[in-house]
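What you are looking at is a predicted structure, and each value in this text was computed from that prediction instead of being measured.
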Amino acid sequence: MSKAIKYAERAVVYAAKGAWAVYERLNRISPNPSFTPKWSDKPLLKSWQKEKPPLGWPRTTDSLCPKCVPEIRKQILDGKLPHEILLNEKVGEIKAQIIERDGKILMVKDCPKHGHFEDVMSIDPAFYKHLEESFPGRDIRAHNDEKLHNHGTSTVTHGRGSVLTIDLTNRCNMMCDPCFMDANQVGFVHELTWDDIKTMLDNAITIKPRRQMSVQFSGGEPTLSPYFLDAVAYARKVGYNSVQAASNGIEFAKSKELCRAAAEAGLRYVYLQFDGIGNAANSHRKVGNLFDVKLQAINNLHEAGVEIVPVTTIVNGINNEQVGRIIQFALDNPKRISFISFQPVSFTGRDEEITDERRVAQRYTLSHMAHEIKNQCGFGEPVRDWFPISFMSTFSDWADLVHGPNADWGQLSCGCHPNCGIGMALMIDKETKEAVPVTAFLNMDQVARDVAKVNDAARGKWLSVMGFGLALLRNYDPFQAPTHFKITDMLKKMDKTFNATGKNYGSVKGDRTMEDIQKRRSDRWNFLFIAGMWFQDLFNYDFRRTEQCIIPYATQEGEISFCAYNTGIGWRNIIEKMHMTATLTKWYDEHGRHEIFAGGKKVGMTHVGHDLKLNMDHVNAEANHTLDELGIAKNAREERLRARDKQSTEAKIKQDAENARMAKLYREHILGEKPPAEGLVTLDSIAPARPAVQKEAEPVAGD
């Protein structure tokens with residue numbers, strides 16, 4: 001784009017600044033009250049009405065003891081305590097302090113029984129402060145939810161969430177470390193029936209505010225469920241536009257037919273387990289050709305019309321060097337990847353009994369991620385370019401206002417705690433592959449403040465659209481934007497995201513066609529969103545995060561916060577045991593064993609081939625050896641083996657000492673040998689060992 005056009009756009013920006021001054025002054029006059037939409041029994045919230053949990057530091061919060069919780073959970077699983085104790089008592093709860101020490105933010109807590117615990121929350125206090133200060137507040141309080149939200153202190157109290165997760169089965173075709181659910185290791189099968197699935201989806205749309213949340217089918221491996229395709233189709237039928245699967249990709253890589261069938265059923269996204277670039281970077285998953293599987297799955301799914309979100313569990317010393325390489329993979333393939341999700345490891349499931357040494361070495365926070373992306377990619381200023389995921393809820397509020405009181409669904413709202421998740425957006429030119437952080441050319445802090453004023457005034461649709469447009473224009477810097485990016489591209493992108501004007505950019509509803517999919521993909525500009533979602537574990541658990549969870553699990557016992565289900569008190573273990581389908585032995589007798597890829601076994605694929613661009617230096621790089629060099633175990637299995645070897649060595653030393661003691665007693669009390677006087681050195685003790693058979697003594701001179 002010529003400089004003349006850029007200068008013309010700057011003139012538009014200056015005009016927008018003047019127009020905003022007039023608009024904003026008029027907007028203050030007699031603001032309208034908030035309306036109550038059809039999808040909520042409570043009115044839309046003004047910005048000053050939004051509740052916030054205690055933020056800043058030092059502060060006190062409610063947490064859990066990492067030792068008490070597993071002990072109490074075991075008693076519930078063993079039938080010694082009723083699970084209702086979780087509803088009526090503060091099981092395993094202790095107070096925790098969020099403090100700053102030595103340039104880090106820490107959670108410190110003390111249990112009267114088990115002592116002191118502490119863990120790192122952030123390695124950058126300024127970054128941590130920025131996230132908390134950018135938090136706009138919680139969503140509307142959840143209501144009409146009494147039957148589904150009833151889990152004691154773990155109850156979700158705000159909003160409707162963003163992604164409803166439904167585990168179709170706990171069976172999996174891999175044996176991963178880490179695995180937050182300990183798949184294939186619990187001794188029984190927990191698999192939802194068709195009636196279970198329908199009931200959970202039907203119940204989900206009764207909670208208010210009734211938002212257009214995504215439904216994600218997970219597991220285990222969801223494609224192993226016989227009801228996978230039916231579940232996808234039914235979710236679309238009851239009204240959810242964004243139906244997802246969290247998958248390792250094996251079945252999708254093996255079968256193009258499955259990909260097509262899933263797309264036809266209504267599958268829109270696959271959250272694809274993706275630990276790094278190259279088979280070495282994925283070697284800790286113990287599948288011989290896992291990276292090749294990922295590439296084939298991406299190819300097959302995209303060809304069928306399904307979008308792909310690489311999801312990376314980051315473990316310090318295992319694959320933390322991969323964050324930059326994965327982003328580069330997305331930049332090299334902008335027509336295939338428009339969302340990346342990084343998930344710093346949560347020490348739960350197989351890793352709950354982790355040693356302090358390994359936990360400290362492998363701990364990885366959102367602040368680690370932000371800084372490593374900057375260092376590895378050369379972009380992404382932590383305080384300028386990253387925001388809490390909940391930052392977007394201001395724009396969701398605007399969409400709710402624009403869509404009016406008669407909309408059937410509220411806008412997707414990511415109203416989670418600022419310590420839960422962060423995001424950064426890049427604008428990528430699909431043709432030239434030029435990429436620029438959106439916050440480099442758009443002052444998002446000020447845009448959010450401006451849009452909040454538009455929301456608070458609660459004008460009609462078109463005045464609100466005008467206010468949003470002016471807010472964007474006056475905070476735009478055309479000279480920092482990508483070379484070929486225009487103001488009209490920015491306005492079109494925002495309209496496409498929030499569907500404000502009603503223009504057809506390609507349907508996303510249940511009746512969408514391949515033509516709709518191609519129409520949405522034809523956009524020259526890829527709004528690549530890089531997200532970091534840090535799930536809690538027992539060492540950093542905070543109930544202020546749990547109560548406003550945006551990723552609830554649908555279960556036979558209601559909808560439960562992701563962290564309360566998988567990492568906190570451990571509702572997963574309890575509910576799966578309560579609603580166990582069959583023991584493994586009985587299941588295998590009736591259904592046979594499904595194939596499991598482990599121990600280096602390779603996945604066979606019918607179709608092999610893709611046109612994804614790869615950086616071969618990244619593909620051929622060695623695995624991360626940091627923990628080997630430090631002598632620290634890489635996973636729970638290795639830790640157990642080391643502990644077993646240590647016990648074996650200690651036991652051998654102890655046994656050798658006991659054998660020596662018994663030999664000494666035998667010589668003294670049976671053979672009658674006298675022990676040498678203490679402090680004396682005997683000839684036997686310094687003489688060389690006698691040969692087993694001695695020769696006859698030879699004459700010595702002088703005899």
Side-chain angles (χ1 to χ4, degrees), residues 1-13 269 274 277 295 298-299 302-303 305 307-310 323-342 373-374 376-381 384-387 392 395 423-444 447 469 472-473 475-499 503-506 508 516-531 610-616 618:
M1 185 185 296
S2 68
K3 283 190 176 181
I5 295 177
K6 292 287 188 182
Y7 279 111
E9 289 194 331
R10 175 173 284 180
V12 172
V13 171
Y269 294 99
F274 198 89
I277 306 300
L295 298 180
I298 292 172
N299 181 84
H302 191 268
E303 185 180 279
E307 309 303 333
I308 301 95
V309 180
V323 291
R325 298 176 188 179
I326 292 170
I327 291 173
Q328 188 60 54
F329 174 74
L331 296 177
D332 289 339
N333 298 279
K335 295 182 180 180
R336 303 292 183 91
I337 307 296
S338 60
F339 195 114
I340 302 173
S341 179
F342 291 114
I373 287 176
K374 179 185 177 182
Q376 294 177 25
C377 297
F379 57 74
E381 292 294 330
R384 185 196 70 180
D385 296 331
W386 292 95
F387 288 87
M392 292 303 295
F395 304 94
M424 174 177 68
L426 300 178
M427 194 63 73
I428 306 175
D429 188 332
K430 293 181 184 178
E431 304 303 323
T432 67
K433 297 185 180 178
E434 180 186 11
V436 178
V438 171
T439 39
F441 61 87
L442 198 57
N443 183 346
M444 290 304 299
V447 171
L472 290 173
L473 291 173
N475 290 290
Y476 177 67
D477 185 344
F479 286 94
Q480 298 301 318
T483 304
H484 300 285
F485 192 72
K486 303 184 294 294
I487 280 177
T488 52
D489 294 320
M490 177 177 65
L491 296 175
K492 178 181 176 181
K493 205 68 177 171
M494 293 301 176
D495 189 29
K496 182 180 177 182
T497 301
F498 296 106
N499 189 28
K503 184 177 178 180
N504 182 13
Y505 296 98
V508 297
D516 290 314
I517 294 168
Q518 295 298 350
K519 190 171 185 178
R520 293 189 73 82
R521 288 178 175 177
S522 65
D523 188 342
R524 176 173 180 168
W525 298 98
N526 178 359
F527 188 84
L528 175 66
F529 192 73
I530 303 170
H610 62 83
D611 59 358
L612 293 159
K613 182 180 177 182
L614 300 173
N615 182 315
M616 296 311 297
H618 295 169

Exercise for review: Report the C-alpha separation of Arg336 and Asp611 in whole Å, then their side-chain angles, then the decisive distance to 0.1 Å, and conclude whether the side chain to side chain contact (heavy atoms under 4.5 Å, CB included) test is met.
Suggested key: CA-CA 10 Å; Arg336 303 292 183 91; Asp611 59 358; 2.5 Å; yes

- Do we see a donor-acceptor contact under 3.5 Å between the side chains of Asn526 and Ser338? no

Hey, are Tyr476 and Asn443 close enough side-chain-wise for a donor-acceptor pair under 3.5 Å?
no

Between [X] and [Y], which heavy-atom pair has the shortest distance, and what is it?
| X | Y | answer |
| --- | --- | --- |
| Ile340 | Ala330 | CD1-CB, 3.5 Å |
| Val323 | Gln376 | CG2-OE1, 3.3 Å |
| Pro437 | Phe379 | CG-CB, 4.3 Å |
| Ala440 | Asp385 | N-OD1, 4.3 Å |
| Phe485 | Glu9 | O-OE1, 4.2 Å |
| Leu612 | His610 | N-ND1, 3.1 Å |

Worksheet item: Are there more than 12 heavy atoms of other residues, nucleotides or ligands under 6.0 Å from atom NZ of Lys335?
Response: no

Within a reach of under 6.0 Å around NZ of Lys492, are more than 12 heavy atoms found that belong to other residues, nucleotides or ligands?
no

Residues at least two apart in sequence or cross-chain that pass ring-ring contact (aromatic ring centres under 6.0 Å, His included) with Phe387, listed by chain then number, are His130, Phe391

Could you please spell out the steps behind the ring pair (Phe, Tyr, Trp, His ring centres under 6.0 Å) verdict for Tyr7 and Phe479? CA-CA 8 Å; Tyr7 279 111; Phe479 286 94; 4.9 Å; yes

Walk me through whether Ile298 and Phe274 qualify under side chain to side chain contact (heavy atoms under 4.5 Å, CB included). CA-CA 11 Å; Ile298 292 172; Phe274 198 89; 4.1 Å; yes

Can you find a pair of side-chain heavy atoms, one from [X] and one from [Y], that are under 4.5 Å apart?
| X | Y | result |
| --- | --- | --- |
| Arg521 | His302 | yes |
| Leu331 | Ile327 | yes |
| Phe527 | Val438 | yes |

With sequence neighbours left out, the residues meeting salt bridge (charged side-chain N to carboxylate O under 4.0 Å, His left out) with Glu303 are Lys256

(message) Donor-acceptor check, side chain of Lys430 to backbone of Ser522, threshold 3.5 angstrom: yes or no?
(response) no

Please confirm whether the backbone N or O of Ile277 pairs with a side-chain atom of Arg325, one donor and one acceptor, at under 3.5 Å? no

*side chain to side chain contact (heavy atoms under 4.5 Å, CB included) assessment of His484 paired with Trp525*: CA-CA 10 Å; His484 300 285; Trp525 298 98; 4.1 Å; yes

In Asp516, Asp495, Asp523, the residue satisfying side-chain hydrogen bond (donor to acceptor under 3.5 Å, both in side chains) with Tyr505 is Asp495

Test side chain to side chain contact (heavy atoms under 4.5 Å, CB included) on Val12 and Ile487; report intermediate values, then the result. CA-CA 9 Å; Val12 172; Ile487 280 177; 3.9 Å; yes

